[in-house]
Protein chains: 2
Amino acid sequence: MNYFSSDFKLGILGGGQLGKMLLTETRKFDIQTYVLDSSKEAPCQFGATKFFLGSLMDYDTVYQFGKMVDVLTIEIENVNLNALDALETEGLKVYPSPKTLRMIQNKGRQKDFYVENGIPTSAHQRFTGLNDLKQSLEKDELEFPFVWKCAQFGYDGNGVKIVRSTLDLIDLPEVECIAEQMVPFKNELAVIVSRSVSGEIKTYPVVEMEFHPEANQVEYVICPARISEVVAEKAQKVALQVSEAFNHVGLLAVEMFQTENDEILVNEVAPRPHNSGHYSIEASYTSQFEQHIRAILDLPLGNTNSKVAGIMVNLVGAEGFSGPVVYENIEKIMAIEGVTPHIYGKRETRPFRKMGHVTIVNENMTEARKIAEEVKNSIRVISVQ
Amino acid sequence: MNYFSSDFKLGILGGGQLGKMLLTETRKFDIQTYVLDSSKEAPCQFGATKFFLGSLMDYDTVYQFGKMVDVLTIEIENVNLNALDALETEGLKVYPSPKTLRMIQNKGRQKDFYVENGIPTSAHQRFTGLNDLKQSLEKDELEFPFVWKCAQFGYDGNGVKIVRSTLDLIDLPEVECIAEQMVPFKNELAVIVSRSVSGEIKTYPVVEMEFHPEANQVEYVICPARISEVVAEKAQKVALQVSEAFNHVGLLAVEMFQTENDEILVNEVAPRPHNSGHYSIEASYTSQFEQHIRAILDLPLGNTNSKVAGIMVNLVGAEGFSGPVVYENIEKIMAIEGVTPHIYGKRETRPFRKMGHVTIVNENMTEARKIAEEVKNSIRVISVQ
């Protein structure tokens with residue numbers, strides 16, 4: 001198949017920042033892209049061969065879009081899966097497959113899948129709704145504390161809550177959900193596994209994540225994770241086990257907990273480029289975005305090793321600011337060696353909105369970590385006063 | 001000045017591959033860009049905020065284009081300088097300045113400039129045309145052999161010829177030209193100097209170039225150059241001297257000869273991102289394209305050091321092929337670790353046309369050089385049969 005400067009067309013469902021960073025790679029290879037998103041302000045409005053406005057959840061929109069392209073991928077899981085089923089049945093290459101996406105879209109089904117496949121994960125219970133969950137509590141079939149997660153459409157900490165008492169249930173919506181056992185953990189880790197159409201597999205190094213306590217969004221992603229080799233190997237092994245179980249094509253970001261006993265438990269997965277792999281643009285031989293393109297087009301996978309240590313800091317909207325965005329002190333952080341801001345292209349900020357990220361690379365991890373903190377303490381995503 | 005996700009607009013004159021690689025950086029920073037090019041098939045047709053069709057040599061077109069933007073830059077030297085003069089007089093920031101461009105556009109003037117500024121360069125003579133040159137030969141004021149160069153609009157080896165006898169003069173056009181003394185040299189080197197509006201200066205490491213004997217186009221660019229530290233320091237010093245003389249803003253690629261006596265002679269310069277800096281995308285902490293944007297927007301300059309050794313191989317159209325391009329064996333080279341093809345996005349190939357480049361990065365230079373040769377011997381830019 002000739003992808004380069006040819007008539008071949010790659011379709012991307014979703015036009016957010018992940019799509020935008022994919023477009024950097026398709027432009028580099030001169031691969032034609034069609035992108036579908038519901039917002040005309042989407043970061044992918046530039047850089048695609050053609051940008052289409054429409055709902056990712058609408059059967060006809062997704063189906064018609066799919067009919068125009070040769071390979072279809074996603075940059076967000078919440079898309080109309082029935083349309084993808086139909087397209088796949090009619091012979092379109094859809095990566096990740098709707099089967100994989102269906103398994104992942106619903107967190108209850110995803111957790112069941114881990115149990116069925118012998119993949120280590122925290123204990124969980126599924127509930128059709130909040131009332132169902134409350135009845136379980138009353139019958140003592142469920143105990144405080146637990147982690148409540150809405151089964152579908154959660155994103156970046158929305159749809160996740162630690163429930164310690166009945167009071168914490170008050171604001172929760174009446175939707176399908178799961179309750180997960182709270183597991184005390186030392187570290188939150190992630191491994192991105194890439195798998196091509198013909199089954200070539202390469203894993204990225206284990207990264208370590210630190211979360212913002214309130215927003216429940218990743219604050220630092222550190223590559224390589226500062227963990228023992230034994231734990232790193234265990235995490236890689238579990239990630240490969242998950243990848244094998246899903247039999248996915250493209251990237252699979254596997255988020256895991258390292259428990260206090262150094263057990264590895266799978267938290268959740270994302271079958272696409274992931275926040276935990278953004279560091280790879282500057283630090284790795286092959287960025288996760290290039291790797292995703294290579295995998296779904298069945299090109300040879302690239303080297304997943306790092307050239308240097310990498311740390312990623314998310315740029316999220318500061319609390320108390322809504323409106324046209326200003327990146328306060330961006331010039332200050334750009335003056336530090338090895339610091340690269342990525343601005344996603346959202347004109348308006350609001351509290352905790354993901355607006356960009358900053359990568360810090362350095363030969364020395366300790367130095368990188370120091371700089372990352374300086375970056376974090378300097379830059380603020382605010383709005384024009 | 002707020003450049004990020006704002007109303008600020010950067011104008012780029014020229015929409016070729018250099019512009020395209022600049023757009024990767026402006027997209028990363030979400031800086032709005034307007035691009036002008038005369039071809040609707042230009043690589044910059046995607047990725048710019050707005051793409052305009054029009055002649056870069058037409059006064060009105062360039063002037064009107066300039067009136068729409070806040071800062072104006074170029075990715076090709078051959079643009080209407082009178083329009084740039086007018087725009088600059090009216091207060092527009094134009095980088096590089098029309099003064100610098102005027103000095104560089106004409107190779108005779110450029111050589112005179114080196115002489116006036118005490119910059120080492122090979123001896124030269126200027127001629128208003130071929131007849132003028134022939135008269136000098138007759139009068140024994142000029143001797144064979146010499147290097148003939150057309151004074152303006154030469155590009156990538158067009159407009160340069162080694163003249164050993166009267167026979168070599170037959171095909172030369174009747175245009176303003178120079179004759180340069182032939183200097184036996186060991187190496188062709190280059191240094192890219194970046195200089196910001198407020199005068200911050202950073203130089204990239206010295207690179208070494210190997211030329212294709214027939215096409216007179218760069219075949220390998222090797223960073224760092226495999227030369228002694230003494231020679232490297234001398235080359236850096238001369239490059240800085242040139243940069244200082246031009247007082248340019250943005251990038252200045254300084255091409256130099258290392259003579260058999262280890263003298264450094266300046267060959268020519270380009271006031272923009274340059275083929276000799278493409279390796280920087282994968283090998284350097286800051287790519288030359290990001291650095292150009294930083295410099296002309298007066299942002300702090302980035303680290304110009306390399307993370308790993310880098311070698312760049314140009315992808316030029318193979319002889320005997322014209323038409324819709326095919327990159328033969330591209331999948332084979334992509335299977336080698338540390339190999340990244342860049343496809344510029346030209347649909348049609350023709351002999352010696354610059355269609356893309358491949359970067360090879362490796363911790364080990366010897367290994368990188370071996371792989372570069374493998375790449376060079378594998379990939380061919382041909383056309384559909």
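Because only heavy atoms are used, hydrogens play no part in the values below, and waters and symmetry mates are left out as well, while side chains stay in. Please read these numbers as outputs of a predicted model, since none were measured by experiment. Numbers restart at 1 for each chain; the letters A, B, ... are given by sequence-line order, proteins then strands.
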Taking the side chain as every heavy atom from C-beta outward, state whether A/Gln32 and B/Phe46 have any atom pair closer than 4.5 Å.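 Answer no - side chains too far apart.
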Side-chain heavy-atom pair B/His342, A/Asp30 within 4.5 angstrom cut-off: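 No, every pair of side-chain atoms sits at 4.5 Å or beyond.
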Give the minimum heavy-atom separation between [X] and [Y], together with the two atoms involved.
| X | Y | answer |
| --- | --- | --- |
| B/Tyr285 | A/Val308 | OH-CG1, 3.5 Å |
| A/Ala335 | B/Pro300 | CA-CB, 3.4 Å |
| B/Lys20 | A/Arg27 | NZ-O, 2.5 Å |
| A/Arg347 | B/Asp7 | NH2-OD1, 3.0 Å |
| B/Ile343 | A/Phe4 | CG1-CD2, 4.1 Å |
| B/Pro341 | A/Lys28 | O-CG, 3.8 Å |

Main-chain N/O of A/Ala283 paired to B/Lys307 side chain as donor or acceptor, under 3.5 Å: no
Where the side chain of B/Arg294 meets the backbone of A/Met334, is there a donor-acceptor pair that is under 3.5 Å apart? yes
Count the heavy-atom pairs under 4.5 Å between each of A/Ile281, A/Asp298, A/Asn303 and chain B, then report the option with the highest count. A/Asn303
Scored by heavy-atom pairs under 4.5 Å with chain B, the best of A/Leu299, A/Thr286, A/Ile31 is A/Leu299
Contact part of [X] toward chain A, heavy-atom cut-off under 4.5 Å: side chain, backbone, both or neither?
| X | value |
| --- | --- |
| B/Glu25 | neither |
| B/Glu200 | neither |
| B/Lys50 | neither |

How far does [atom1] of [X] sit from [atom2] of [Y], to the nearest 0.5 angstrom?
| X | Y | atom1 | atom2 | answer |
| --- | --- | --- | --- | --- |
| A/Glu328 | B/Asn2 | CD | CG | 11.5 Å |
| A/Thr49 | B/Gln45 | OG1 | CD | 8.0 Å |
| B/Ser5 | A/Tyr344 | OG | OH | 12.0 Å |

Does atom [atom1] of [X] have more than 12 heavy-atom neighbours from other groups under 6.0 Å away?
| X | atom1 | value |
| --- | --- | --- |
| B/Arg350 | CZ | no |
| B/Glu363 | CD | no |
| B/Lys202 | NZ | yes |

Relative to chain A, which of B/Ile336, B/Thr24, B/Leu23, B/Ile330 shows the most heavy atom pairs under 4.5 Å?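 Among the listed options, the one with the most contacts to chain A is B/Ile330.
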Among the options B/Gly338, B/Ala48, B/Gly356, B/Ser6, pick out the one with the most heavy-atom pairs lying under 4.5 Å from chain A. B/Ser6
